[in-house]
Amino acid sequence: MIAADLARRIAEQGPISVADYMAAANAHYYATRDPLGAAGDFTTAPEISQMFGELVGAWLADLWLRAAPAGPVHYVELGPGRGTLAADALRVLAKAGLAPEIHLVETSPALRAAQARAVPAARWHDGVDALPTDGPLLIVANEFFDALPVEHCIRTPEGWHDRLVDRAETGFAPVLGRRNVENRVPTALRAAPVGSLFEASPASAAIVRALAAYLARQGGAMLVIDYGHATSAVGETLQAVRRHAPAPVFDNPGEHDLTAHVDFEALAGAATGVTVHGPVEQGPWLTALGLDLRAAALAKADPSRVAEIQIARDRLADPKQMGKLFKVMAFIAPDWPEPEGFR
Ligand code: SAH
């Protein structure tokens, strides 16, 4: 399977980069299963409660109505999972009389099938190269960038070197490469002590660069929600997750989710021609958009669900749960209005 393929590739070419290992492992992982939910490997905000996608929808509707663009508008979601967020957000847009075309960027056949059930009107794309060019894009990415490959850069006495993945007795193991990768490390971090590790995600930067160019040309906005850090920092965050618990990163590639914290400063730095807002923490952002009002309305509509709704509200917004670790960043096209929730 994927482990045998990787082992053969390393035997033929030598050790591969951490990013190549992560890309191959995650491509196999997502292509072959629906990993979401209590019975799967991890749970995401839209799967916790409809309130999450509804508030994202309200945020988009507010921007759209204030910008009042003429002509078609496109909803674009990156890595939409089961399509739950899209369905919840599009329902709120529809209530405001807004009906965008729907474009989902997804590589996994298993998840495309789930998305087709949730959002039958969608069209699918393998990447961001061929999105529509005839109108503003409203782009949403929840827990997408953390799944994209990272490179590991290690500070040695001889400067910054890349970390590679080699074969080991059982499975795989990281080894130090010889290539100098100082140009991947932000200037402010280059003097970090020997042994420091910096994670760079050129794949994430390339996607943000491409999407910012669409926004600068056509109008629109991009909302990125993920766990990560507001400023670039050294430290290893790459981890494997299986059945809601950590697993060894270099064992069983393709059988557990590989994920790394998102470097929001690096994402912001990759965008040109747009205004960047945030990151702000998910808890205060959802609260500013009316999370508690929405929870109260849902509880009033079905009093038997009061406790469940309160638990979901706390999972999304409590600083000890998702409220603080998860961050929200907005990229706004020139001449588009100031987005809600970032003051
Ligand atoms: N946004 C969803 C799912 C998050 S899981 C949620 O919040 O529930 C990550 C998603 O990104 C999955 O849909 C996965 O198949 C997709 N994905 C991962 N790598 C991708 C890539 N390189 N290109 C497109 N989609 C990718």
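Numbering of ligands and ligand atoms starts at 1, following listing order.
- Here's the thing with Gly81: one of its N/O atoms is less than 3.5 angstrom from an N/O atom of ligand 1.
- Shown here for Leu215 and Leu137, the closest heavy-atom pair between the two residues is CD2-O, 3.6 Å.
- A salt bridge does not link Asp5 to Arg9: none of the charged side-chain nitrogens sits closer than 4.0 Å to a carboxylate oxygen.
- Figure legend: Arg217 and Tyr214 shown as a cation-pi pair, the cationic atom lying under 6.0 angstrom from the six-membered ring centre and within 45 degrees of its axis.
- With Phe144 as the partner, the side-chain contact (heavy atoms from CB on, under 4.5 Å) test is satisfied by one option alone out of Ile225, Val224, Ile207, Val262: Ile207.
- Some N or O of Asn142 is nearer than 3.5 Å to an N or O of ligand 1, by distance alone.
- Taking a cut-off of under 4.0 Å to the non-hydrogen atoms of Pro46, the atoms of ligand 1 that pass are 6 (C), 7 (O), 8 (O).
- The protein heavy atom nearest to atom 2 (C) of ligand 1 is Gly79 O, 3.4 Å.
- Residue Glu106 places at least one N or O, backbone or side chain, under 3.5 Å from an N or O of ligand 1.
- Checked against Asp88 for a side-chain contact (heavy atoms from CB on, under 4.5 Å), the options Val92, Leu90, Thr84 give a single hit: Thr84.
- Using a distance-only test at 3.5 Å, with no hydrogens or angles considered, no donor-acceptor pair links the side chain of His28 to the main chain of Ala3.
- Interface of Thr107 with ligand 1, defined as ligand atoms under 4.0 Å from a residue heavy atom, comprises 20 (C), 21 (C), 23 (N), 24 (C), 25 (N), 26 (C).
- Close contacts of ligand 1 with Leu148, meaning ligand atoms under 4.0 Å from a residue heavy atom, involve 22 (N).
- For ligand 1 and Ser108, the ligand atoms under 4.0 Å from any heavy atom of the residue are 15 (O).
- Under a 4.0 Å heavy-atom criterion, Leu85 is not in contact with ligand 1.
- Taking distance alone, with nitrogen or oxygen atoms compared against 3.5 Å, Phe144 stays at or beyond that limit from ligand 1.
- Using a 4.0 Å cut-off between a side-chain N of Lys or Arg and a carboxylate O of Asp or Glu, Glu236 and Arg163 qualify as a salt bridge.
- Nearest protein heavy-atom contact of atom 9 (C) of ligand 1 is Glu143 O, 3.4 Å.
- Taking a cutoff of 4.0 Å between a charged side-chain nitrogen and a carboxylate oxygen, Arg33 and Glu255 qualify as a salt bridge.
- Protein heavy atom in closest approach to atom 8 (O) of ligand 1: Thr44 OG1, 2.5 Å.
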